[in-house]
Amino acid sequence: MITVHAAEAARWDDVRTVFGSKGDPSWCFCQYFADPEWNRGKNANRAALKKQVAACDPPAGLIAYADDEPVGWAQVGPRDRFPRLNARHDPQAGEWFLTCFVVRVGHRRTGVSAALLAAAIDLAREQGARTLRARPTDTSAGKRPGSDLFTGVLSTFADAGFREVRRNHTRVTVELDLT
């Protein structure tokens with residue numbers, strides 16, 4: 001059974017467990033969209049996420065558990081939290097974005113991302129968001145490397161009712177009207 005909770009300071013050790021010690025998540029710590037200077041190194045990125053988890057209201061993300069074991073993360077929040085997204089577009093009132101997923105090895109393809117997405121939709125609605133957007137990868141043309149899937153898979157978003165609004169190669173901007 002998968003449960004999802006808001007990431008908060010008391011869950012920091014679980015967040016670190018999900019990000020692990022190998023691969024892209026272990027050095028990025030979901031700072032690519034959140035910090036214009038995200039590439040300052042693993043320690044700076046980890047410290048930035050720890051501060052976000054402790055201080056953000058609404059929460060900086062969600063953490064998924066399978067039988068009390070931390071197995072996944074999704075970064076979600078008001079679009080103005082993500083300067084890299086805002087550099088190209090002015091954020092609209094009530095617009096939220098889900099930017100990243102991290103699912104631990106051994107728990108992929110078990111519904112963790114779908115559970116995190118459902119919880120992100122609920123959180124955005126509870127916080128009064130009007131729209132939830134994301135930029136998942138379209139895998140329908142063939143298998144993609146795992147490093148391409150950090151923004152999610154298009155079919156997961158389509159199954160949750162998101163509609164496509166723009167396409168750029170394998171990345172697709174999708175949105176869900178929450179009103």
**Message:** Is there a path of hydrophobic side-chain contacts, each under 4.5 Å between heavy atoms of I/L/V/M/F/W/Y residues, joining Leu49 to Trp27?
**Reply:** no
**Prompt:** Between Ile2 and Val15, is there a shared hydrophobic cluster once you connect ILVMFWY residues whose side-chain heavy atoms come closer than 4.5 Å?
**Reply:** no
**Straight-line distance of Gln75 CD to Leu116 CG, nearest 0.5 Å** = 12.5 Å
**Complete:** All heavy atoms of Ala34 vs all of Pro36, minimum pair found to be O-CD, 4.0 Å
**Message:** With a 4.0 Å cut-off on N to O distance, would you call Asp35 and Arg40 a salt bridge?
**Reply:** yes
**Request:** Would you check if Val4 and Asp122 make a side-chain contact, meaning some heavy-atom pair closer than 4.5 Å?
**Result:** no
**Request:** Return the minimal non-hydrogen interatomic distance between Leu178 and Thr131, and the atom names on each side.
**Result:** CD1-C, 4.0 Å
**Complete:** Closest non-hydrogen atoms of Ala119 and Leu62, given as atom of the first, atom of the second and distance, are C-CD1, 3.7 Å
**Candidate list Thr137, Asp138, Asp159, test side chain to side chain contact (heavy atoms under 4.5 Å, CB included), partner Leu154, passing option** = Asp138
**Step-by-step side chain to side chain contact (heavy atoms under 4.5 Å, CB included) determination, Thr179 to Arg130** = CA-CA 5 Å; Thr179 58; Arg130 297 168 47 109; 4.0 Å; yes
**Exercise: do Gln52 and Gln31 side chains pair donor with acceptor under 3.5 Å** = yes
**Message:** Please give me the minimum heavy-atom distance between Cys56 and Arg81, naming the atom from each residue.
**Reply:** CB-NH2, 3.6 Å
**Request:** Output the distance between atom CG (Leu132) and atom CZ (Arg79), rounded to the nearest 0.5 Å.
**Result:** 11.5 Å
**Message:** Could you check whether Phe33 and Phe82 have their ring centres less than 6.0 Å apart?
**Reply:** no
**Prompt:** Can you check whether Val76 reaches Trp96 side chain to side chain, under 4.5 Å on heavy atoms?
**Reply:** yes
**Message:** Using side-chain heavy atoms (C-beta onward) and a distance below 4.5 Å, is Ser26 in contact with Phe19?
**Reply:** no
**Request:** In sequence, state the C-alpha distance, the side-chain angles, and the governing distance for Phe162 and Leu117, and then conclude on side chain to side chain contact (heavy atoms under 4.5 Å, CB included).
**Result:** CA-CA 11 Å; Phe162 282 72; Leu117 179 56; 3.9 Å; yes
**Message:** If you define the side chain from C-beta out and look only at heavy atoms, does anything of Val172 sit under 4.5 Å from Arg167?
**Reply:** yes
**Asked** What are the two closest non-hydrogen atoms of Ile63 and Pro70, and how far apart are they?
**Response** CD1-CB, 4.1 Å
**Message:** Any heavy-atom pair between the side chains of Leu176 and Ile121 that's under 4.5 Å?
**Reply:** yes
**Request:** Assess whether side chain to side chain contact (heavy atoms under 4.5 Å, CB included) is satisfied between Lys50 and Phe29, documenting all intermediate values.
**Result:** CA-CA 9 Å; Lys50 183 176 184 179; Phe29 281 93; over 6 Å; no
**Request:** For residues Thr151 and Phe101, determine if any side-chain heavy atom of one lies less than 4.5 Å from a side-chain heavy atom of the other.
**Result:** no
**Request:** Before giving the answer on side chain to side chain contact (heavy atoms under 4.5 Å, CB included), spell out for Val165 and Arg163 the whole-Å C-alpha distance, their side-chain angles and the decisive distance to 0.1 Å.
**Result:** CA-CA 6 Å; Val165 293; Arg163 70 179 183 87; 3.3 Å; yes
**Request:** List for me each residue that meets salt bridge (Lys or Arg N to Asp or Glu O under 4.0 Å) alongside Arg133, sequence neighbours excluded, and say none if there are none.
**Result:** Glu95, Glu175
**Prompt:** Can you check whether Pro25 reaches Phe150 side chain to side chain, under 4.5 Å on heavy atoms?
**Reply:** no
**Prompt:** Any side-chain heavy atom of Arg16 sitting closer than 4.5 Å to one from Arg46?
**Reply:** yes
**side-chain hydrogen bond (donor to acceptor under 3.5 Å, both in side chains) pairs, two or more places apart, involving residues 62-73** = Arg11-Tyr65, Asp14-Tyr65, Glu69-Arg104
**Option among Thr173, Leu98, Thr99 that satisfies the side chain to side chain contact (heavy atoms under 4.5 Å, CB included) test with Arg135** = Thr173
**Atom of Val153, atom of Pro136 and distance for their closest heavy-atom approach** = C-CB, 3.7 Å
